[in-house]
Amino acid sequence: MKSLIINSIVALSTCFLSFGQPKKEKNNSPATPNFVVIVADDAGWNDVGYNGSEIHTPNIDWLAKNGAQLNRLYAAPTCSPSRASFFTGRPSSRMGIVAPISDKSNLSLPSDVTTLPQALHQQNYQTALFGKWHLGLNPSSGPKAYGFDYSYGFLHGQIDQYSHEYKNGDPSWHRNGEFITEKGHVTDLVENEAITWLKTKIDPSKNFYIQLSYSAPHFPLQEEDKWKKPYLKTIKNNSRRDYAAAMSHLDYSIGQILKTLKKQHLDKNTVIIFMSDNGAMDKWNPGNQYQGRHAANDVLGNNFPLRDWKTSNYEGAIRVPAIIYWKNKTNSSLNNNYISVTDLMPTILSLAGAKSIPKTVEGQNIWNSIITKDSIPNQAIYIRGHLQESIIEKPWKLIRTRHTNAPTVFELFNIEKDPEEKENLVLTNSSITNKLKQDLEIQFAKDSKEVNSAGE
C-alpha cells in the first residue's frame with residue numbers, strides 16, 4: 001500500500017512537471033523573433049573590413065563571420081528609393097519615388113500601401129525607428145504616419161552631425177514628430193536612444209522591430225580625432241581618413257547595440273540585418289550648403305571592384321554589403337543568390353508569423369535560400385533610378401539610359417563573369433538583349449504615372 005501511494009505521488013508530480021514545461025519553453029523561446037535592422041548611409045562595397053577594406057569594422061565583420069553574407073543584395077541607387085522599396089516590398093518607382101526626396105518637396109510614401117511596420121502591428125509587434133527617415137520631410141509624413149510606434153532622429157536625407165539641421169537650414173531632428181534641440185553627434189545620439197529604448201521601453205508581451213538608420217558615413221564628415229587616429233599612418237588622404245573615421249564610429253556604435261542585446265538577454269531570439277542603402281559616392285562639393293561651413297571632400301567611399309558610384313544603375317551603386325544574422329539559426333555562409341531589397345519585407349513578415357503578405361508586395365520570402373543557400377527560382381530584379389533603369393536575370397543585367405535629345409543606350413553585362421561591367425554584350429547577344437528589353441518595358445509600364453509622363 002505504501003509503495004502504491006509513493007508511485008501515485010511520483011506519477012502525479014511527473015504530470016504536473018510535464019504540464020508546466022511547455023509554458024516555460026514558450027516564455028524562454030518565443031515562436032517568432034525580434035528584429036534589429038541596421039542601415040548605413042552610402043557605405044560602399046569596399047568600405048567594410050570583410051570585403052577587404054582598409055577601414056576597421058570589427059563588429060560588422062563579426063556579423064559577417066557568424067551570419068549569412070548576402071553577396072548579391074541589390075538596392076536602389078539612392079537613399080529614398082531604397083528605403084521606400086524596403087518598407088513596402090515593391091520597387092519605389094511604383095510609388096513615384098525614383099530620386100532622393102529633397103529641398104522643400106512634399107513627396108512621401110503613399111498612404112494606401114501597407115508598410116512593414118504597419119504589417120508587423122498585425123503580428124503584435126512594437127516598432128521603433130532611430131535615425132534617418134527620408135520618406136517625407138514634414139512631421140505629418142514622418143515615421144509615425146507609416147506605422148512606427150516610436151521614432152527619433154532626422155526626417156531629411158542629410159544633416160549636420162552636430163547642429164542636426166538640413167543642408168538648407170530646415171529643422172530635421174525630432175522625437176515622435178516633434179522637433180527638438182539636442183547636443184551631440186548623430187551617431188552617438190542614435191545609439192544612445194536605441195539602447196535606452198531596449199532597456200526601458202520594451203513591452204514584454206510583444207516582440208519588437210527596431211531600425212537604426214545611421215547618417216554615417218554620409219557627408220558632412222565631422223568626426224573626433226579619436227576616430228581618425230587609427231588611420232593617420234595608413235590613409236594619407238584627409239578626406240578618405242575622415243570617411244574611415246565615420247565608418248569606425250558607426251561600427252563601434254553597432255558593437256554597443258550588440259552588447260546591449262546580449263546584456264538584456266535579447267540576442268538569442270533577435271534577427272539582425274545589416275545593409276547599406278546604396279553604394280558610395282566618390283566625392284562631395286558642398287557649395288553653399290550649410291552656409292558654407294563644410295569643406296569639399298575629394299575622396300569619399302570605395303566601391304572597388306564594382307563599377308561607378310551612387311545614382312547610377314551600375315553595380316557600384318546598387319550592389320551593397322549586407323548580412324543577416326540570427327544566433328543558432330544562420331550558419332556562417334556566403335550567399336550568392338540574387339536578392340532584391342524588396343525581398344526583405346516579405347521575409348521579415350514570414351518570420352514574424354504572418355499568414356499572408358500585403359497584396360502590393362512584389363518581393364518574395366527568401367529565408368529558405370538564406371539558411372540552405374538553395375537557388376531562388378525565376379528571380380528578376382527591376383531597379384529604377386533617376387538616371388537609368390535596369391533589369392537583372394541571372395547571369396544577365398540590362399541597363400537602359402534614356403536621353404532627351406539623343407538615342408536611348410542599352411548595355412548588357414554578364415555580371416557573373418564580368419562583375420566590373422567592362423564588356424557591353426548587346427551586339428553579340430541580341431536574343432537575350434531583346435528578351436530583357438521586353439521584360440524591362442513590362443516593369444517600366446507598372447511604374448507611377450507621375451514618373452512615366454513625358455519628359456521623365
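- By the side-chain hydrogen bond (donor to acceptor under 3.5 Å, both in side chains) test, E420 pairs with K422, sequence neighbours left out.
- Side-chain atoms of Y150 and R175 include a donor-acceptor pair closer than 3.5 Å.
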Please list, one pair per line, the donor and acceptor atoms closer than 3.5 Å that link side chains of residues 253-260 to other protein atoms, with sequence neighbours excluded.
| residue | atom | partner | partner atom | Å |
| --- | --- | --- | --- | --- |
| S253 | OG | E191 | OE1 | 3.2 |
| S253 | OG | Y214 | OH | 2.7 |
| T260 | OG1 | Q256 | O | 2.9 |

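- Pairs passing the ring pair (Phe, Tyr, Trp, His ring centres under 6.0 Å) check and including a residue from residues 332-374, sequence neighbours excluded, read W326-W367.
- Partners of N368 under the side-chain hydrogen bond (donor to acceptor under 3.5 Å, both in side chains) rule, at least two apart in sequence or in another chain, do not exist in this structure.
- For the residue pair N313 and S390, a side-chain donor N or O sits within less than 3.5 Å of a side-chain acceptor on the partner.
- Seen from the ring of F444, R400 counts as a face-on cation partner, given the 6.0 Å and 45° thresholds.
- In terms of the side-chain hydrogen bond (donor to acceptor under 3.5 Å, both in side chains) criterion, D282 has no residue partners (sequence neighbours excluded).
- The stretch residues 92-102 participates, sequence neighbours left out, in these salt bridge (Lys or Arg N to Asp or Glu O under 4.0 Å) pairs: R94-E362, R94-D447.
- Sequence neighbours left out, the pairs with a member in residues 78-119 that pass ring pair (Phe, Tyr, Trp, His ring centres under 6.0 Å) are F87-W133, F87-F148.
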inquiry  = Go through it in stages, so that I can follow the logic: the residues are Y325 and W62, the test is ring pair (Phe, Tyr, Trp, His ring centres under 6.0 Å), and I'd like the CA-CA distance, side-chain angles, deciding distance and then a yes or no.
reply    = CA-CA 10 Å; Y325 168 76; W62 185 90; 5.1 Å; yes
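- D308 meets the side-chain hydrogen bond (donor to acceptor under 3.5 Å, both in side chains) test with no other residue; sequence neighbours excluded.
- Among residues at least two apart or in separate chains, there is no salt bridge (Lys or Arg N to Asp or Glu O under 4.0 Å) pair with a member in residues 343-357.
- Among residues two or more places apart in sequence or in another chain, the side-chain contact (heavy atoms from CB on, under 4.5 Å) test is passed with Q126 by D149, W197, I202, D203, K206, F208.
- Qualifying salt bridge (Lys or Arg N to Asp or Glu O under 4.0 Å) partners for D61, counting only residues two or more places apart in sequence or in other chains: none.
- With sequence neighbours left out, E421 forms a salt bridge (Lys or Arg N to Asp or Glu O under 4.0 Å) with K397.
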